[in-house]
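Atoms within a ligand are numbered from 1 in the order they appear, just like the ligands themselves.
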Amino acid sequence: MKDKINSLVSELFGVDVDAVLTRPDPKFGDYSTNVAMQLAKPLGQSPRDIADKLADKLRTDGGFNEVVVAGPGFINFRVSARSLSDSLPSNWTDNYGENNDGAGKTVVVEYPSPNMAKPYSVGHLRPGNQGWAAKRLMEATGWKVITDNHLGDYGAPFGIWVVGFLKFSSEDALDQDGVYELGRVYIETKKALSDEKERGESELADQVQEWLIKLENGDHEAVKYSQKFNQISLEHIHKVMERLKISTEYELGEAFFAPLGKQAIEKLLETGVAVKNPDNSIIVPLDEFGIDVPLLVQKSNGAALYATSDLATILYREENWHPDRVIYAVGSEQQFYFTQLFAMAKKLGITTELIHLWFGFIDQLNDDGTREKMSSRKGVVLMEELLDKAEAKAREVVAGRDISGDDINKIALGAVKFSDFTADRRTNILFDWDSIFALSGFSGPYVQYAAVRVNKIIRDGGEVTKDFGEYDFESEKSLIVKLLDYPDVVRLSARDLEPHKIANFLYELSRELNRFYENTRVLDAEQSEKSARIDILDKVSFVFNHGLSLLGIEVPSEM
Ligand code: ARG
């Protein structure tokens, strides 16, 4: 359609354009274009005159129906369903919806980057979901994607663990409860540390520092503890990521980068990018970027910081991966920090596009109707508990039916992940168990169910030909229009890193499909109609699969 309009414009007016098509209120037409307004200036004619001339041409030469000029020069028109159907790619390949906008470019996507000291909590649910979706969107738009899990595995937690382990725990307890014991010890020790601080003492705090120094000096016992705790923690992180069905290619954490950061700081001092304070701490002033809080890159005692390893991380990625873009999937709490970090990168002359892909909190609804950040009686909500509960809920949804564990798992994850994409990522999402599983609402299981149902109809339809005869495709028209929208939805969603646009689209597609079933018979339709309908449903099924996979969600085989 676009090509047709472009060529008619060049025939009529002798200029090249790239017409933009939008979808007006269906009352007015199937599509609308403002190309006449675009041309007014270059042609020196009124948009209305251009629109009138072009509309005539569209009516007579273009096969467009009900062409109407509206307002200052919009052209609304309808197109026959058959011609829309014919404009869907005929060889429907695996990459419908995808494009090559990012061809030749490399992006690093960083997620979920949990911290080692504690069990995986819902605090790292959104980094995983949003990071994964960003990776998938970049892949679908032709970028070369490198993924990296920037583990929080450096610094104080190690010292706290050893001190706490020796004081409050035992090998037995650790063997039994693994990372949950480490988490418990961590919390108990933090508490003991703050109590002692209140008393004006520092015995434990000193021990924590001693262990950190021992570790830095490669002391045998310290290294042994460190390896043991890290292994327990890492195994747990991997297990949870596996349950979430997310993974990364690299896993270079803070501990890997911290020492490199300290070396880099020496250079920054030489070049004057960083300055040493009288107390020996080192900062990078950022006034020239309108940021009056400098970035602290080294503590007065010489210890590396979060920013120290992020500095090294940036340099390392530049040197080894040469990315055009780096995406950090990290919550909104760190917005200011990333503003500082990216300013420092600019100061270092790094021109790579650095994006903080931030998102709001996960809220819950309390019994009294108030809304607050998700938590449990014990404090944080543990990811494994959340996933267990989601699986139990998924079982309820398919109650009584014999559904495989694998499918249950897909439904559970579908509900949990989709909820992350029901609104713009920058808003807080409301995590409400009933609505995320609602089979009649804007939920993962609702879309999954639509996909499962369409797959069943396709299966029941058996072999069909591609011979549609003179069939007009009118009953499938709104589905076809949705299918034609999909590539644009992917493009915009990737451009703005806004996966909720995919979720919205899939929800609308599901609703369109339900309307279709209400009015149309598929399996007992006459041969060419049946073939035509199954052909469209096949394409719908593909788009469900593809779109959901961009969100990290799979279609169950049954539900
Ligand atoms: N581990 C950090 C946290 O949980 C997130 C790391 C984000 N990435 C980074 N390069 N700073 O808060």
Side-chain angles (χ1 to χ4, degrees), residues 107-132 134-135 146-158 160-161 179 182-183 186-187 190 230 233-234 236-238 240-241 244 246 248-261 264 284 295-298 304-318 320-321 323 325-345 348 350 352-362 373-374 379-383 425 497:
V107 57
V108 177
V109 190
E110 196 201 276
Y111 60 86
S113 314
N115 300 319
M116 305 271 288
K118 319 161 205 169
Y120 209 119
S121 81
V122 291
H124 286 89
L125 180 58
R126 299 203 80 182
N129 292 343
Q130 296 287 339
W132 186 263
K135 156 196 146 79
I146 297 175
T147 51
D148 188 17
N149 186 6
H150 192 79
L151 293 171
D153 54 0
Y154 179 79
F158 168 77
I160 293 174
W161 268 344
V179 74
L182 284 178
Y186 185 77
I187 292 169
K190 286 279 264 193
N230 278 340
S233 186
L234 206 53
H236 164 73
I237 287 170
H238 290 158
V240 173
M241 284 175 66
L244 288 168
I246 57 173
T248 59
E249 206 178 330
Y250 292 90
E251 197 166 63
L252 301 174
E254 290 172 35
F256 175 79
F257 290 114
L260 303 176
V284 178
L295 187 60
L296 181 64
V297 290
Q298 187 166 311
L305 288 154
Y306 189 50
T308 322
S309 53
D310 265 325
L311 163 67
T313 308
I314 290 176
L315 298 174
Y316 179 92
R317 288 173 178 162
E318 287 296 314
N320 293 282
W321 297 338
R325 170 188 280 186
V326 181
I327 297 175
Y328 298 77
V330 186
S332 57
E333 325 70 288
Q334 295 190 32
Q335 258 182 302
F336 181 64
Y337 168 71
F338 279 109
T339 312
Q340 289 180 304
L341 185 70
F342 297 169
M344 172 173 73
L348 294 174
I350 289 165
T352 305
E353 181 189 16
L354 304 174
I355 299 177
H356 177 203
L357 184 85
W358 60 275
F359 31 80
F361 296 119
I362 303 179
K373 192 170 163 185
M374 196 180 200
V380 294
V381 177
L382 300 174
M383 189 68 95
R425 63 181 157 76
L497 294 168

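Atom CZ of F342 sits about 8.5 Å away from atom CD1 of I355, to the nearest 0.5 Å. Between atom OG1 of residue T248 and atom OH of residue Y111 there is a gap of 6.0 Å, rounded to the nearest 0.5 Å.
Side-chain atoms of T352 and V326, non-hydrogen and from C-beta on, do get closer than 4.5 Å to each other.
Looking at F338 against ligand 1, only its side chain comes within 4.0 Å, counting heavy atoms.
The aromatic rings of F338 and Y328 are tilted relative to each other, their planes meeting at an angle between 30° and 60°. A tilted orientation is assigned to the rings of W321 and Y250, their planes being inclined by 30° to 60°.
Under the side-chain hydrogen bond (donor to acceptor under 3.5 Å, both in side chains) criterion, E353 pairs with R325, not counting sequence neighbours.
Within ligand 1, the atoms closer than 4.0 Å to a non-hydrogen atom of N115 are 1 (N), 2 (C), 3 (C), 4 (O), numbered from 1 in the order shown. Close approach of ligand 1 to Y328 (heavy-atom distance below 4.0 Å) involves ligand atoms 10 (N). Close contacts between ligand 1 and H150 involve ligand atoms 8 (N), 9 (C), 10 (N) [criterion: under 4.0 Å to a heavy atom].
Nearest-residue assignment for atom 4 (O) of ligand 1 (options Q334, M116, H124; heavy-atom criterion): H124. Of the candidates Y111, Y337, F257, Y306, the one placing a heavy atom closest to atom 7 (C) of ligand 1 is Y306.
The nearest protein atom to atom 8 (N) of ligand 1, hydrogens excluded, is given as E110 OE2, 2.6 Å; this is a heavy-atom distance.
Using a 4.0 Å cutoff on heavy atoms, D310 counts as a contact of ligand 1.
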